[in-house]
Every structure is written in structure tokens, then in C-alpha cells.
Amino acid sequence: MAIVRADNLSKAFRVADKQPGLGGTLRHFVQRRWRTVDAVREVSFAIEPGERVGFLGPNGAGKTTTLKMLSGLIHPSGGRAEVAGFEPRRRQRRFLEAITLVMGQKQQLLWDLPPLDSLLLNAAVYGLDDGEARRRIAELAEMLELGPELTRPVRKLSLGERMKAELMAALLHRPQVLFLDEPTLGLDINAQVRVREFLEAYNRRHGATLLLTSHYMADITALCPRVLLIHQGRLFHDGSLEELASRLAPCREVRLELRDPVPAETLAAFGEVQQLQGRQVRLLIPRGQLTGQVARLLAELAVEDLEVRDPPIEDLIGQVFREGEVRAGAMT
Amino acid sequence: MRRVARLARVARVLLATQYAHMLEYRAEIALWALSGLVPLLMMSLWIHQADMGVAPSGGGAASGAELGAAIGGLSRVELARYFISAFIVRQFTVAWVVFAFEEDALQGRLSPMLLQPLHPLWRYLTSHLAEQATRLPFVAGLAGIFLLLVPWAAWWPAPGRLLLAVLATVLAFAVNFLVQCLIAVLCFWSERASALERLHTLAMLFLSGLMAPLELFPPAVRQAAQWTPFPWIIHFPARLLAGAELDAAAGFAALAAWLALLLPLTLLLWRAGVRRYAAMGS
């Protein structure tokens, strides 16, 4: 049974529309104009307990709005959400104990005090007794490799240490569902890797469900066997990254180094010739024909080197969004 | 019962944490305490007025207490005691929910608070109480210094009266805190509720008795002020502390009535505001 479910979830915002300049300002003052922005449009998906799901999409695609609806912070304009058996918008105590929302650097730690003070405060808020709280703090500190940092004022910590402490504060009550909005934003590569490893370990140890957004594709590829791709408020893809890659790029790229130059007409029999420079060739071959065509290439031509590669997934996604190929109803 | 025990534990930990937090700002809090010297400045002004009114009685060497005329029925000593009391009461009834809440809303700190199983107003309440505890030694020091400057006004209230004054100050703080919460909740509709707070500060300054005891106001203004919460926040507890003759029961009834009105109104508006926040996004 799904632990996170969105059924035709929609969110529309009413925003004031003001033209620039004095005239625009006066008109805005006398007769304010509004327009409706559809941030999320009829998005549906279901996530099973323990899944790790990445939420992809460009800025303004509706990722954060969806996370806020699922965590109960904002109310949907339409559709329905259900998380851990609760309707998020009602924000019942047991629902709040079952979830957490980590929003980048929007901190819940008290800036001038050591993280330990904030952690003990959170323990009291979530009704953990002192012994249990200290056990969980020790466990999380070990997983996140935090020690003396817990007794140093938050303002003295590095960004990476602060983010780890934020994660500790967000996870102390051991939520079943983690909504993570850019958890590695601004961190250096090492810190990003540690946070990723921690999230994976937390997921394995506690069977928690993760739904995370990130601008770093490495976060998604390392953590999420399943991705949701959203653009202009609509869900475009729900499946694995590999499936996404094959949807976005139905062909794979084959790079060849031949012993002798071969005419383009000969090469065209194997696939679409992208580049031909002397003995260097780049071909695009449909995924379904790849094995057969590569075997033919090796059998029929004098091949010195052969490489099959996928274009980087972020390039594919970026290209699709730039070309405006994501259209209403594109979800299959 | 378990809920009460849990709340008591949360309150204890919140108070301890907020006190530690406030201690980090002790220098700032000392400056805030100093910024609340208005009643003491007004004291010197009104005593000077009293001295200008009538020459010392008896023609001989008069003590400081005997100098001057009564203003609005208050003698020189009563004026001094009133303003010192008003200073002390002000220090323990001051509330700054609007500024804290507005900053939290604009900085995005409100969202994590809304996702915890604890009403965010508890955090503001405990941070105010912790701030008062931090402020206590500064207030005691400043009050001591001023009593040294006007030794003829020194007094020690009777234990019963002191207890009533403390109770009135606690209730007055609760009323002021709720008034501030009410204005703060308007942040859900307007991101700049602090503009309204400035209007509130002005009313507070003149109608609460910080500038002058209400007895010095024209009767019509005095009558009108009685229907606002302001005189009950400063004037009433200060008069109690100063040992003045007054109808204490009426004062406590007024404070109770304001609490009974403000508490449900604040909670109601809060719920409506959170729904709006939720509807608009953050």
C-alpha cells in the first residue's frame, strides 16, 4: 500500500500583475490586476514504503510546491494527497510525527546555540524521553560523522556541518517519510557525498521513504532508482532514470575508430551518421537495434576502437526543456 | 494527564533553551532595558512641574518629599513612586512578537515551526519569558540607581500588595503579548504588520500611562483610555506596586476581560491566517 499518494494534485496561485514604470504603478494602485499561475497541474503518483524517489525539473517546475502540499504546509487547489495514511492539509499530530520536510538552508537550528540544544528541544517537542533522545542523537551523529561540532554554536559551523546538524534535527523523531528539498545545495563535493551516503544508510536502516529534489544530478543518480520528472507543473515521467534516458534519447551514440576511411553511404546502413572525419565516426543507432548493428559493424568493417555511450542525462533533460518538447499530456 | 506532563516538559526545555539563547544577547537586552527609561525621564519632568507649581511649604528647609505641589491629586512622592513602578512594570510587560514573527515569516523559519507538533506561539511566549529572566538583573540595577537619585521616594510595598502587583504584571504581560500576537497574525494577510505595530506603540506610549499617570489626563481621554487595554498593561500594575489607593478588583476584572477576549480571538485569527498562508504558499 502506497505511503505517499497524489491524485490529480493541483495548485494554482493568484499573483498580482504589475507593469513597470510610474503609469504601471498608478494603475496597480488604483486597479490591481491578478492572474492565476498553475504551479502544479493534476499530478498523480504513488510511492511505496521504503522507496527513494528523485523529483526532477527546472526551476519553477512545481517540485517544491508539490513537496509543500505533501507535507501539509500548503493546501492543494485541487486533487488529493495522502501521506502515511493522513491527509497532509489537516496537519494532525501523528502525521507531523510521521514526516519531515528539509528545505535546504531554511534552518530550524538556533543560530547562537550548539546544535545539541536544538536537538534536545526537538526531542521534547516530539515526546522522546531523555535516554531515547540521547541514543538517537548518538546514532545520527555516528552516521553523519558529527562529534564535537554538536557542542559548538551553529554560527561557528561550516555549511556542510550545519546541513548535517539540520538533518539530525529533522530526523530525530525518526519520521517514516522524508521530503527533502535540495538537501545538498551549496555543499562541496565531499559534503554532498556524505549527505547522500547518510540518506541511503538512513533509508536502509529505518525503511524510510525518501522523496527528494536536487539540482545535482549526482544526488539523483546515486540515491534514486525512480525519478519523477515535472515541468510546468505537469508530470512528464515516472520511472527509472534508464527509462527516462531511453525516452529522451531513443538512440545511443556509437563512436568508432576505423582502420581505413569508409564512405558515408556505407556507414548509413548501420545508423544515422552524426560525424565523419577521416577514420573517426559518430553514429546514432536506435536502442532496439544496438546489439545487432554493433555486431554487424565489427563483422563488416575494420574497427580499431568502439565506444557506446549515452548522452549525460542532465544534458538530455536540459535539451528537452529548452526545446519545449515537454507538452501537456506528454506523460505516458 | 500525559498531555499535560508532555507540555510541562516541553515548556521546561523550551524555557531553558530560550534562556541560554537570550544570554547570548545579554548586551543587547541591557540596551533594551536602557531604552525603556521613558518613565524615569518623565518622572524628572513631572517632578520639575510639581516643584514649579508651589513653593516649599513651611518656609524652612524642606525634605525632597515635601517639596512641590500635588499634580492631578498626586504628590511629589506619589509621582516618583508611580514612574519608578511604571518603569519596572514596563520592563516585564514588553512584547516584541510582531518583529520576531515578521522576521520568521519573511526568512522562511515559520514553515519548519508549522511542521512541528507544537503551536509556534509557545516558542514566542517562552522566548519572552526567558528574555525577562535575562533582563531582571539590569532592571534591578537601574531601579536601584534611580532610587539612589530620589532616596526620599524609596518604599517597600506590603507583601500582599507586592503579590498583587506581581500578579497584575503577569496578567498585563499576557494581555500585551496577545495584543502583539493579534497584530503579528496580520502578517498572514500583509507582510508588513510592523507598520500597524508602530501605531500600536504610539497608543501604548500615551494611553498606558508611560508618559504620565492617567490621573493627569483630561477626564474624557481618561474615560476613553479605560476602554482600551493600554492603561491596564502599565498604569494599573504600576499604581498597585506604588502602593496607591485604587480599586484592585476592577483592575483585575478588566485584565481578565481583555484576556478572555484576546485569547480566543488570537487563536481564531491564527487558524484563519495559517489557512491563508497554506493557501497562498510561502
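A note on names: the letters A, B, ... follow the listed sequences, proteins ahead of strands, and every chain is numbered from 1. Because only heavy atoms are used, hydrogens play no part in the values below, and waters and symmetry mates are left out as well, while side chains stay in.
A distance of 6.0 Å or more separates the ring centres of B/His21 and A/Trp111.
Using a 4.5 Å cut-off between heavy atoms, A/Asp130 touches chain B through backbone and side chain atoms alike. In this structure, chain A has a heavy atom under 4.5 Å from the side chain of B/Glu24, while its backbone stays farther away. At a 4.5 Å heavy-atom cutoff, the contact between A/Leu128 and chain B is made by backbone atoms alone.
Residues in residues 178-190 of chain B take part in no salt bridge (charged side-chain N to carboxylate O under 4.0 Å, His left out) pair, two or more places apart or across chains.
Contact count against chain A (heavy-atom pairs under 4.5 Å) is highest for B/Leu115 among B/Val10, B/Thr17, B/Leu118, B/Leu115. When A/Leu121, A/Ile99, A/Asp117 are compared by the number of non-hydrogen pairs under 4.5 Å with chain B, A/Leu121 comes out ahead.
For B/Arg26, the CZ atom sits in a loose shell: 12 or fewer heavy atoms of surrounding residues, nucleotides or ligands are nearer than 6.0 Å. At most 12 heavy atoms of other shown residues, nucleotides or ligands fall within 6.0 angstrom of atom CZ in A/Arg33.
The side chain to side chain contact (heavy atoms under 4.5 Å, CB included) test with B/Phe173 is passed by exactly one of B/Thr93, B/Val94, B/Val89: B/Thr93.
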